[in-house]
Structures are given as structure tokens and as C-alpha cells.
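Notes follow the structure.
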Amino acid sequence: MKNDVVCTIGNSVIQHGKLNDRVYLMKLSPDDIPVIVMEMIDGIAEKYEYSKSFAKVPGDAADTFAKNGYKIEAVAPELFNGKSDGYFLSKYYSPGREEIEVSCKDEIERILRDTEKIRDTRTPDKDGKDLEIRIAGEEDADALAGLYGQVFESYPFPIHDPGYIRQTMNENIRYFGIWKDDTLLAGSSCETDISGLNVEMTDFAVSPECRGNGYSGLLLEVMENEMKKDGFITSYTIARAAHEPVNRLFARSGYKYCGTLKNNTNICGSFESMNVWYKKID
């Protein structure tokens with residue numbers, strides 16, 4: 001199946017396609033309200049028969065979406081410029097898309113209970129001796145794409161494509177990696193919103209034979225330091241809700257849970273619900 005496309009509608013950025021079976025409003029331009037809600041997004045969803053629309057917007061736009069059938073699924077305080085809350089809203093065109101299986105829902109709730117007990121208790125990770133931890137350059141795109149292709153059966157963005165990685169390196173995404181003896185062991189990225197001074201911590205992947213060494217924690221610490229140095233105020237992540245390690249990673253690092261996006265993302269071969277975590281890093 002083809003990857004979903006990212007495009008500009010009006011002055012806003014959206015992603016849509018059959019892989020995730022949704023429209024995702026990634027970045028809203030205030031100039032597009034209310035037309036983007038009432039005509040553009042719903043029109044695309046109807047045309048392609050998607051089962052969901054998903055939007056990330058500042059608080060002053062949330063009411064417009066709510067009045068047009070969107071449900072608030074997560075709220076990250078002071079996400080935009082350290083002032084305006086970030087609202088994650090979804091609209092379902094198919095009732096089945098909104099339903100989470102009972103067993104999965106129970107597992108998500110268990111993970112959240114367990115992570116609350118360990119929040120902000122990060123202990124020193126592997127000391128990084130003999131490892132090279134750095135921002136990745138275009139020359140690293142092939143290695144990153146190979147790692148992502150090895151780890152993820154499916155992913156909401158085409159990170160298995162070196163061309164996509166090189167392209168986004170020159171746009172708003174900064175990639176990080178851990179190397180030993182010129183071999184890439186782990187990777188991640190920061191998707192930056194310069195105008196909103198927030199950053200999404202995402203694309204964490206560790207080579208299967210290297211798991212359990214605390215590499216994701218090492219990456220997250222370096223990422224936070226770099227983003228703080230560049231003036232970003234709030235970081236957040238949209239993490240696989242039923243995958244315990246990634247939720248533990250962010251809970252231990254002082255992130256706070258602020259909601260669950262139902263059946264939101266096609267990752268590792270199926271639709272998964274996603275937890276939103278946030279942290280002030282300024």
C-alpha cells in the first residue's frame with residue numbers, strides 16, 4: 001500500500017491516505033478557519049471514504065472543531081509557545097474505528113497505572129562509553145532507513161525511504177542516532193514546530209540485538225538538550241498506547257500523560273491507539 005501524502009491545503013499542512021485511513025491536520029493556519037474544518041477536511045474524508053479525521057490545534061481553534069463533530073481525545077497544556085494548550089481532536093466517520101477491543105483497552109489502562117508509579121524516576125542509562133551519539137546528517141539517511149525498515153512492519157510516515165529522510169532533514173525534522181564502530185544501533189527524531197516552539201519526540205527505533213541497553217533514554221536526553229538549547233519550550237510524543245517500553249521511557253523522563261487517540265495510527269502492521277505525553281523543557 002502506498003504511503004499517505006503530506007500536502008498543503010490553504011495554508012495548513014495535512015497528511016491523508018489509505019495507509020492510516022484518515023486525514024491528519026498536522027499544522028493549522030489560523031487563516032483557514034473555519035473553512036478547513038467545514039469543507040476541506042470533511043470533503044477529503046468523504047471523497048476518499050476515510051474512517052477518521054484527526055487534528056492538532058491550539059486552544060482558540062478547538063471550539064470550531066468541536067462544533068463540527070470532533071471529540072477531544074488529549075490536551076497538552078501550554079503546547080503552543082508555552083501559552084496556548086494543544087488540543088488533539090478526532091472525528092469518526094465509521095463507528096468501528098472508534099471502538100477499542102476490551103483486551104487492548106485493559107492493557108492500555110494497566111500500562112498507564114504502572115507508568116504513573118515510575119513517573120520522573122529516570123535513573124542513569126548506559127553511560128555511552130564507546131558509543132557515538134549525535135545528530136544525523138544526509139550521509140546517514142540510508143542507515144536510518146535500513147534500521148526503520150528492520151524495526152517497523154508499517155509506519156505512518158515513509159521513514160524506510162532514504163529520500164524521505166533526506167528531504168525532511170532539510171525541512172523541519174532533526175534525526176539522531178547512536179553508533180558503535182560505524183554501525184547504527186538506534187535512531188530517533190525531533191519534529192519541530194518553530195512558530196509554536198514545540199517539538200514532537202518520535203521515530204524511536206533500536207536494533208533488535210541492542211534492546212535493553214537504555215539507548216532510547218540516551219537519545220531522549222540528548223534530544224531534549226538540543227531542543228532546549230534551540231529555544232523550544234514544550235516537547236511531546238504520540239506513543240503506541242499498548243507498547244509498554246515506550247510509555248515507560250517517557251514516564252521515567254518526567255513526561256505527563258494527557259490522553260489517548262483511539263485507533264489512530266497504522267504501525268507495525270495494524271491500527272493502534274496512541275498515548276500523548278508532554279513535558280516543559282525550557
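Predicted model only: the values in this text are computed from it and were never measured.
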Query raised in the report: Does the pair Lys71 and Lys91 meet the rule for a side chain to side chain contact (heavy atoms under 4.5 Å, CB included), with working shown?
Result: CA-CA 6 Å; Lys71 300 177 181 179; Lys91 183 175 183 178; over 6 Å; no
Minimum heavy-atom separation for [X] to [Y], with atom names?
X: Asp85; Y: Pro77; result: OD1-CA, 3.3 Å
X: Thr234; Y: Glu78; result: OG1-O, 3.1 Å
X: Val206; Y: Arg211; result: O-NE, 3.2 Å
X: Cys258; Y: Val75; result: CB-O, 3.0 Å
X: Glu73; Y: Ser90; result: OE1-OG, 2.8 Å
X: Leu184; Y: Ala186; result: CD1-O, 3.2 Å

Quick check: does any side chain N or O of [X] sit under 3.5 Å from a backbone N or O of [Y], one acting as donor and the other as acceptor?
X: Asn275; Y: Ala239; result: no
X: Thr260; Y: Ser273; result: no
X: Asn20; Y: Asn266; result: yes
X: Asn68; Y: Met38; result: no
X: Ser12; Y: Ser29; result: yes

Side chains of [X] and [Y] in contact at under 4.5 Å (non-hydrogen atoms):
X: Lys52; Y: Asn263; result: no
X: Thr192; Y: Asp230; result: no
X: Met223; Y: Ser235; result: no
X: Ile44; Y: Ile14; result: yes
X: Thr168; Y: Phe157; result: no
X: Tyr255; Y: Leu220; result: yes
X: Leu147; Y: Ser207; result: yes
X: Met201; Y: Lys279; result: no

Could you check whether [Y] and [X], counting side-chain N and O atoms only, form a donor-acceptor pair closer than 3.5 Å?
X: Tyr48; Y: His16; answer: no
X: Ser188; Y: Asp203; answer: no
X: Thr202; Y: Glu191; answer: no
X: Ser53; Y: Tyr93; answer: yes
X: Thr115; Y: Asn247; answer: no

Measure the [atom1]-[atom2] distance between [X] and [Y] for me, rounded to the nearest 0.5 Å.
X: Lys67; Y: Asp63; atom1: NZ; atom2: CG; result: 5.5 Å
X: Glu99; Y: Lys105; atom1: CD; atom2: NZ; result: 8.5 Å
X: Ile111; Y: Glu109; atom1: CD1; atom2: CD; result: 11.0 Å
X: Leu144; Y: Ile159; atom1: CG; atom2: CD1; result: 9.0 Å
X: Ser94; Y: Tyr50; atom1: OG; atom2: OH; result: 15.0 Å
X: Glu224; Y: Lys229; atom1: CD; atom2: NZ; result: 14.0 Å

Query - Passing option when Leu79 is tested against Tyr278, Phe88, Tyr87 for side-chain contact (heavy atoms from CB on, under 4.5 Å) - result: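 Going through Tyr278, Phe88, Tyr87 one by one, the side-chain contact (heavy atoms from CB on, under 4.5 Å) with Leu79 is satisfied by Phe88 alone.
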Query raised in the report: For the side-chain contact (heavy atoms from CB on, under 4.5 Å) test, which of Val13, Asn172, Thr8, Val57 pairs with Lys27?
Result: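 Running side-chain contact (heavy atoms from CB on, under 4.5 Å) over Val13, Asn172, Thr8, Val57 with Lys27 returns exactly one hit, Val13.
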Please check if [X] and [Y] belong to a single hydrophobic cluster, counting links between Ile, Leu, Val, Met, Phe, Trp and Tyr side chain heavy atoms closer than 4.5 Å.
X: Met169; Y: Ile178; value: no
X: Phe176; Y: Ile281; value: yes
X: Tyr257; Y: Val246; value: yes
X: Leu249; Y: Val199; value: yes
X: Phe232; Y: Val222; value: yes

Would you say [atom1] of [X] has more than 12 non-hydrogen atoms from neighbouring residues, nucleotides or ligands within 6.0 angstrom?
X: Asp182; atom1: CG; answer: no
X: Lys83; atom1: NZ; answer: no
X: Glu46; atom1: CD; answer: no
X: Gln150; atom1: CD; answer: yes
X: Glu209; atom1: CD; answer: yes
X: Asp181; atom1: CG; answer: no
X: Ile118; atom1: CD1; answer: yes

Query raised in the report: Would you call the rings of Tyr155 and Phe152 parallel, tilted or perpendicular, where under 30° means parallel and over 60° means perpendicular?
Result: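 The rings of Tyr155 and Phe152 sit tilted, inter-plane angle from 30° to 60°.
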Report task. Could you check whether the rings of Phe54 and Tyr24 sit parallel, tilted or perpendicular, using 30° and 60° as the cut-offs? Result ->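 Phe54 vs Tyr24 ring planes: parallel.
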Query raised in the report: Between Ile36 and Ile41, does a side chain to side chain contact (heavy atoms under 4.5 Å, CB included) hold up when you go through it step by step?
Result: CA-CA 6 Å; Ile36 194 167; Ile41 295 179; 4.0 Å; yes
Ionic contact status for [Y] with [X], cut-off 4.0 Å:
X: Glu116; Y: Arg113; result: no
X: Asp193; Y: Lys56; result: no
X: Arg166; Y: Asp161; result: no

Query - From CA spacing to verdict: side chain to side chain contact (heavy atoms under 4.5 Å, CB included), Lys180, Thr183 - result: CA-CA 5 Å; Lys180 183 173 183 180; Thr183 299; 5.7 Å; no
Query raised in the report: Centres of the Phe204 and Phe250 rings: under 6.0 Å?
Result: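 Aromatic pair counts; centres sit under 6.0 Å.
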**Report entry** Those residues that, when tested against Gln15, pass side-chain hydrogen bond (donor to acceptor under 3.5 Å, both in side chains) (two or more places apart)
**Finding:**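 Here the qualifying residues are Arg22.
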Query - Trace of the side chain to side chain contact (heavy atoms under 4.5 Å, CB included) decision for Ile173 with Tyr164 - result: CA-CA 11 Å; Ile173 299 181; Tyr164 170 82; 4.2 Å; yes
